[in-house]
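We name chains A, B, ... by the order of the sequence lines, and we start the count at 1 in each one.
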Amino acid sequence: MQLSLDHADVRHPAARPGAAPALRAFDLRVDSGEHIAVIGPSGAGKTTLLHVLACAMKPSAGKFEIDGRDPWQLPRRELQRLRGELFLAPQVPPLPPRQRVVTAVLAGRLPRISLAHSLRSLFYPTGIAQADAALARFDVQDKLFARVDRLSGGERQRVGLARALLARARLLLVDEPLSALDPSRAGQAIASLTAAARESGATLITTLHDVPMALRSFPRILGLRDGALMFDLPAQQVDAERLRALYAQRLDELQGAAPLDEPPAERPAPVVMHCR
Amino acid sequence: MFWLLAAAVVLWPLLVVAEFKPWQLLDPGSMKPALRFLADFVPPRMDGEFLLLVARETWRTVAMATAGLVLALFIAAPLTLLSVRALSVSGLAGQMAAGPAAIRFMVRGLLVVLRSVPELIWALVFVRVVGLGPAAGVLAIALTYGGMLGKVYGEILESGDPHATVALLRNGAGRVQAFFYGMLPENAAELTSYTVYRWECAIRSSAVLGFVGAGGLGQQMDSSMKMFNGAEVSTMLLVFIALVAATDRISAWLRKALG
């Protein structure tokens, strides 16, 4: 899947009118099958970039094309079909707490199956083998029938990544896949993710806080700061000098653990019941 | 002191308009028949023949409430799916498109109309259409409760965490798929407990509907009241308390099973 951003400006829909855009005059070309890591201090616009590429956010200016077509010119149905070929994995895995892991993982293939099939699969999961294989790649296959709220944060994150494999998407956009994983698990998760993308020929773009891991595992690195692209280089050419410039005044983030961009929502207040 | 006086000045005309004269309650002329009626309440009538009748009418009331609520679910579920904002595909990137927004607005309007007409009025209408009997009660409960369930389901679903649902929609799933895989498991316990609570309300309101001829325990209670038969009324009130307590237990049990 080929992507191109041409001088794109992106604003959050809820942002104040005068606020600076989250991405400014952004240029990017991505070829089919590329593996790219996006690094930069928090607030740089990494997540926004993924959202734009996933057609979840519309650029307010400039051009965005997928395979030579502007997705926002497509009719809604076509756009939704196109979204089915992309997969955006948010940083906090979007798993309902009361759902079983097998169902949560199989939800990744919803765009590919019919409504009737997806309803049947709620009662008798119709792809247990696929779900098991995907979970096995991230070493959580023993949790296949556990409920999501019985999992630890790291297990939840790996289940979210397993769902990405089930999507068989042509473009995988993964936001901070390692934020809840310990170093050895993190290495294994990235290896599984890149291997799966390579097998299916999918384009893979991930944001990472773990810079050494990004440089080790990805051939192409994008450095973002304050909504602008600071560098777009092969991993070998990213040197300590550039990293210091990228993380200037935020050097602690160069080493430290990833801060959560979006804290898990608090439990909503109970609904008032109306009755006479 | 000033505020007390001000409150009295404001409240007094209101009380006059509402014909609020509590001393009438203590008037010997009205006290005596009321006390005699109340004295009839003990002991409740417990002979076999009457209990059999009450059991049959209770069963009819429960059936009426249940059938009405199931029909209400059939009305409410599709309307909820249409009206919930978080399931909007076009609303994923900012503003919702004009067409879907208009549909949402109309669905909400329909829900308002359904629930703003009290079930008692619907029952009076349907008693004229389908005649005396539980069928009128079932239809009345179905329409009013369909409107209420649709509104509150919508509010429960919108106040829940939309993260899972939105993520599914963003990845290309359909609205109904996103509902069943994201929204329903997120909110199942709240929806169930509200539905059971509504069922309890339906049982209570089917008693009221009986007074306008919609059948069941209420109709029986109406005729006992008219004959000033306090013993029968108290038996039926006891049955009501038992029914409400039973729904409470069922709700607690279902919440635990889903929790």
Side-chain angles (χ1 to χ4, degrees), chain A residues 11-14 51 54-58 72 76-77 79-90 92-100 103-104 106-115 118-119 121-122 148 160 163-164 167 169 262 264-276, chain B residues 88-95 97 99-100 115 118-119 145 148-149 151-191 193-194 197-198 200-202 204-205 208 258-259:
Chain A
R11 291 170 188 282
H12 282 278
H51 276 68
C55 304
M57 228 184 241
K58 190 177 174 175
W72 297 101
R76 230 173 8 248
R77 194 172 292 271
L79 174 59
Q80 195 65 359
R81 191 169 304 146
L82 175 64
R83 282 181 179 136
E85 297 177 10
L86 322 171
F87 190 91
L88 170 68
V92 178
L95 313 172
R98 285 188 280 248
Q99 203 166 46
R100 277 187 303 167
T103 315
L106 288 177
R109 58 180 190 160
L110 283 181
R112 290 192 280 121
I113 61 177
S114 71
L115 176 61
S118 55
L119 292 185
S121 181
L122 271 182
V148 169
R163 177 194 269 193
E262 28 182 339
E266 288 169 25
R267 281 212 60 77
V271 177
V272 186
M273 301 205 172
H274 311 261
C275 183
R276 285 162 300 129
Chain B
S88 158
V89 172
S90 66
L92 273 182
Q95 200 76 26
R115 72 173 186 277
E119 61 263 43
Y145 280 42
M148 291 188 210
L149 288 177
K151 174 202 159 66
V152 180
Y153 282 175
E155 281 176 5
I156 292 176
L157 295 180
E158 300 224 327
S159 66
D161 184 2
H163 188 47
T165 319
V166 171
L168 287 173
L169 286 175
R170 272 185 188 150
N171 288 331
R175 298 162 48 88
V176 183
Q177 288 178 325
F179 172 74
F180 279 106
Y181 276 79
M183 210 166 234
L184 193 61
E186 193 81 51
N187 300 296
E190 288 81 2
L191 292 178
S193 93
Y194 182 72
Y197 174 64
R198 266 289 142 211
E200 180 195 316
C201 292
R204 274 185 277 137
S205 101
V208 178
L258 286 167

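Contacts of A:R112 with chain B are absent, with no heavy-atom separation under 4.5 Å from either backbone or side chain. Heavy atoms of A:I113 lying under 4.5 Å from chain B belong to its backbone as well as its side chain. Proximity to chain B involves both the backbone and the side chain of A:A107, based on heavy atoms less than 4.5 angstrom apart. Using a 4.5 Å cut-off between heavy atoms, A:L86 touches chain B through its backbone atoms (N, CA, C, O) alone. Contact annotation for B:P100: only side-chain heavy atoms (C-beta onward) come within less than 4.5 Å of a heavy atom of chain A.
Counting all heavy atoms, side chain and backbone alike, B:P185 lies closest to A:R98 at O-NE, 3.3 Å. A:P111 and B:A173 get closest at one heavy-atom pair: CG-N, 4.0 Å. Across all non-hydrogen atoms, the minimal contact from B:N171 to A:L88 is OD1-N, 2.9 Å. Considering all non-hydrogen atoms of both residues, A:P96 and B:G182 come closest at CG-O, 3.8 Å.
In this structure, B:F180 and A:S121 have side chains that are not in contact, with every pair of non-hydrogen atoms separated by 4.5 Å or more.
Taking CD of B:Q177 as the start and CZ of A:R109 as the end, the distance is 10.0 Å to the nearest 0.5 Å. Note that the CD atom of A:Q80 and the CG atom of B:L169 stand 6.5 Å from one another [nearest 0.5 Å]. For the atom pair OH (B:Y181) and CG (A:L119), the distance works out to 7.0 Å, reported to the nearest 0.5 Å.
Not one N or O on the side chain of B:H163 forms a donor-acceptor pair closer than 3.5 Å with the backbone of A:P90.
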